[in-house]
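Accompanying notes for the structure given below.
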There are 2 protein chains.
Amino acid sequence: MIAAHQATRRAAPTLEAVASAAGVSRSTVSRVVNGSTQVRPDVVDAVNAAIARLDYVPNRAARSLASRQTMAIALIVPEEAARFFGDPFFAAIVQGITRGLESSDYVLNLQLASRTSTSLKTKKYLLGGNVDGAIVVSHHSDVEFFSELDATIPVVFGGRPFHPEQHSNYFVDVDNAAGAALATEYLLDKGRRRIGTISGPVDMQAANDRSKGWVSALTGAGLPTDLIAHGDFTMASGASAMRDLLDREPNLDAVFVASDLMAMGAISVLRERGISVPDQVSLVGFDDSPAATSTDPQLTTVHQPSTEMGLRMAHNLLALLAGEEVERQSILPTRLVVRDSA
Amino acid sequence: MIAAHQATRRAAPTLEAVASAAGVSRSTVSRVVNGSTQVRPDVVDAVNAAIARLDYVPNRAARSLASRQTMAIALIVPEEAARFFGDPFFAAIVQGITRGLESSDYVLNLQLASRTSTSLKTKKYLLGGNVDGAIVVSHHSDVEFFSELDATIPVVFGGRPFHPEQHSNYFVDVDNAAGAALATEYLLDKGRRRIGTISGPVDMQAANDRSKGWVSALTGAGLPTDLIAHGDFTMASGASAMRDLLDREPNLDAVFVASDLMAMGAISVLRERGISVPDQVSLVGFDDSPAATSTDPQLTTVHQPSTEMGLRMAHNLLALLAGEEVERQSILPTRLVVRDSA
DNA sequence: CTGAAAGCGCTTACAG
DNA sequence: CTGAAAGCGCTTACAG
C-alpha cells in the first residue's frame, strides 16, 4: 500500500536528461533555462521543446548551491498566529509585499516566529541559506537577533528599529509621532481638554512614537499627560485599557487610541457603560484599517498606507538584492480621516 | 557605500571549516550535526565546540541536494490575502499546523497562491524540490493542478477534494453535510418552517456539502428547498445574500448560514431592516470562530474543530513523510453550539 | 568509531 | 555560439 503509493512518485527529470533529449550539452540547457541570449534560436527551441516534453523544473537546491542564490525572501513576523491573523494591518502589509514581489522571480516565505519556541528554528532558517533576504515586521525590543541578521543577509524592517544602534538598518515606516500629534490636535481643536491615550506595548517602537506624539500635542497646549494606559494592539486589551482610563478619570472627554483594533475594544466598553461617542467621549484611532468602518460609530482615525508600506519594503529589498543604492529610511505620510467617533 | 555594506556581509562557515577547526574529517562533523550515536563522546564535544565557536549553520541547499530532503513543508492557500486574513478559520488552521510541526524539524512555508498570477510560480515552487510535502487548504474546483501534485510529493488536503477522482488523496475534514443537517433540524425543532440558506461558493466542496445537509433536513420534513442564496464566505457576500433572500421571501423565519463571517453580514442586514433576531428570523452559522461571539446577538453555530484540523493535517503529513501508514480520510466531529441567534 | 571518495543537480568561467 | 570541467557544501555507502 505504502510502497505502491511511493512507487507512483516519479523522480523529477534533471538538466542532464533534458540535455540528452535535446542533443546538446548541459551548459546549453542551463543557458536556455536562464534566458541567455547567446544561444542559437533553433537550439533554444529544441531545448524548450525537450523541457516541455519532459516537464522539467530545475531543482532549486542544486541551483542555489551552484549560484549561491535561493530566489526566496523570508517575511518574519514575531507574533502569535492569533494576533497576526486578527489584525488587518498585517493583511495589508502582506498584500503589499506580495504585490511588490509579483513581477520578480522571488518567492515569499512567511515565518510566524513566536518569540519563544521557534526562534531558534527561525534563526537557523535565516542563517542556513534558505533565503536571500528578509523582511521583518512587528519586531519587539526583546528580539535582538534580527538586528544582527543584517550582517548575513539584506534585511528591510517594517517600522523603525527599537534600538538606536540599529539605525543603520533599512526600514520603512510612517511618522508615528506626527500622526499621533495630528490626532491629538484634532481633539484639542474640538474643544476637548481631558484627553487620554490607549497606547501599544512599550516594547514596540511604533507604540512609543505614538505616545510621544500625544504627549507633545498635550504639552504644547499646556495640558497634563497623565492619562495613559497600555494595551497590546488587540481588541481585548483596548477594552481593558478603556476601563482603566474611565476608572481613573470620570471627566475624561477624549482618547487617542494607538490602533483601530484597540479602539474597537474601547468603543464596546463605552457603549457598555452608556457613554455616548463622540458626544461625551471622542475617540481617534490609528491605522484606518477595515476595522475603522466596522464600528458604530465609525472611527475617526489616522490613516497609514499599510499596503504601500508592504510594497515599499518589497521594492527596497529587491533593490538591495540587486546591489542597487537604497535609502535607509522610507517614511510614508499619514493623514487624518474624519468619520464619526470624533 | 553599497560596497562597504556588502563587505560587512560575512561568508558563512562551511562543514570543511568546522572539520579542520576540530581536527576531524568532514564525515565526522556531518555525523555530529546529524546526531549520529556512532561518534566517540570526546569527539562529539570537540566538534560541537568548533561549531559553536564558528557559529556554524549547515547550508540547506547543499544538504537538500545531498540528502534529497528539504525539511520544509508548503502550506498552499489559493486565496487572496484579504480573504485569507479576514477569515478566522484560516488563523485556527494555521495555528494547528504550526503546533503540529513544532516538535519536528520541518519548517512551514506559507504560499498565498492567488489563483491567477502566481499559480505558475507556485507550481514551479512545488515541483522544483523546494519542499518535501504540502498541505493544501481551501482549494477550488478550478485549480486542478493540486490533485496531480500528489504524484510528486505527499499532499494532505484540508477539506474533501472536489473531484471524485481525487478521492485517493489524503484529506482532513468534518462531515459538513451532517453539521448542516444538525443546524437545520435545530431550526425545525424550534418550529421554523420557512428556512433559507446562505451557502458558500459552488466551486468549493465544503459549501456544496453544507447545502446538501440543509436540503436533506428540509426534504426530510417535507419542506421546500428553494430558498438558497450563494456567498463566497465573506461578510459582505453574506449581507447581500441576506438581502436577496429577504426580497424573495418576506415570510422567511430562519436561515442556515454556511459560515460565521457570512452570518455576521446577514445579521447586519437584518438589523438594518429592523427585523429582530432570533424572534422574527433565526440564524445558525457554521465554524464557531471568534466571529460567532462578536455579533449581537451572539451566534448559534455549528462548531468545527479548526485548530485540531490543522494539527491533524500536520500529523498526517509528517507520518506520510516518515513512510508510515496513514488513513486517507480523517473526518472530525462537529457539534451545535447554542447561543442567542437561534 | 573514522576517513577518503563519489555524487546530489545545477552554474560558470574557460577554451574553442 | 557551444562544450568540458571544476566547483557549490553537503551526505552516504564503503573500507578500514
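Numbered from 1 within each chain, the chains take letters A, B, ... in sequence-line order.
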Smallest separation among heavy atoms of B/Y125 and B/A74, with atom names: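 The pair with the smallest heavy-atom distance is CE2-CB, 4.3 Å.
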Within-4.5 Å side-chain heavy-atom neighbours: B/V32 and B/V18: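 SC-SC contact between B/V32 and B/V18 ruled out.
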Nearest-nucleotide 5' precedence on DNA chain C, B/S67 against B/V24: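 Checking each residue's closest nucleotide, the 5'-ward one belongs to B/V24.
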In terms of the nearest nucleotide of DNA chain C, which residue is placed more toward the 5' end: A/P13 or B/R40?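 Taking each residue's closest nucleotide, the earlier one in sequence belongs to B/R40.
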Counting only Watson-Crick pairs (N1-N3 plus N6-O4 or O6-N4) and G-U wobbles (N1-O2, O6-N3), all under 3.5 Å, who is the partner of D/dA4?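 Pairing partner, where one exists within any strand: none, as none qualifies.
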Write down the partner of C/dA13 under the Watson-Crick or G-U wobble criteria, each distance required to be under 3.5 Å.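 Pair assignment: C/dA13 / none.
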How close or far is atom [atom2] of [N] from atom [atom1] of [X], stated in whole angstroms?
X: B/R68; N: C/dC10; atom1: CZ; atom2: C1'; answer: 13 Å
X: A/E16; N: D/dA5; atom1: CD; atom2: C1'; answer: 13 Å
X: A/Q38; N: C/dA13; atom1: CD; atom2: C1'; answer: 14 Å
X: A/M71; N: C/dC10; atom1: CE; atom2: C1'; answer: 15 Å
X: A/L65; N: D/dC10; atom1: CG; atom2: C1'; answer: 7 Å
X: B/N34; N: D/dG9; atom1: CG; atom2: C1'; answer: 13 Å
X: B/R63; N: C/dC10; atom1: CZ; atom2: C1'; answer: 20 Å
X: A/R60; N: C/dT11; atom1: CZ; atom2: P; answer: 12 Å

By the 4.0 Å heavy-atom rule, please label A/V43 as base, sugar-phosphate, or nothing.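 Since only primed, P, OP1 and OP2 atoms lie under 4.0 Å of A/V43, the category is sugar-phosphate.
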Parallel, tilted or perpendicular for A/F84 and B/F85, by the 30°/60° rule?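 Geometry flag for B/F85 against A/F84: perpendicular rings.
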It should be established whether [X] places a side-chain nitrogen or oxygen under 4.0 Å from OP1 or OP2 of nucleotide [N].
X: A/S25; N: D/dG3; result: yes
X: A/T28; N: D/dG3; result: yes
X: B/S30; N: D/dT11; result: yes

Regarding A/R63 and A/N34, is there a side-chain donor-to-acceptor distance under 3.5 Å anywhere?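 Per modelled atom types, A/R63 and A/N34 side chains form a pair under 3.5 Å.
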Nearest to the A/R26 side chain among D/dA6, C/dT2, C/dA4, which nucleotide is it?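 Between D/dA6, C/dT2, C/dA4, the one nearest the side chain of A/R26 would be D/dA6.
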Just compare D/dG3, D/dC10, C/dT11 and give me whichever is closest to any side-chain atom of A/R31.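 Nearest nucleotide to the side chain: D/dG3.
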If I take atom CZ from residue A/F157 and atom CD from residue A/Q205, how far apart are they, to the nearest 0.5 angstrom?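 Reported value, rounded in 0.5 Å steps: 12.5 Å.
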Taking N and O atoms by type only, does the side chain of A/S27 place a donor or acceptor under 3.5 Å from a partner on the base of D/dA4?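 It does, because a donor-acceptor pair links the side chain of A/S27 to the base of D/dA4 below 3.5 Å.
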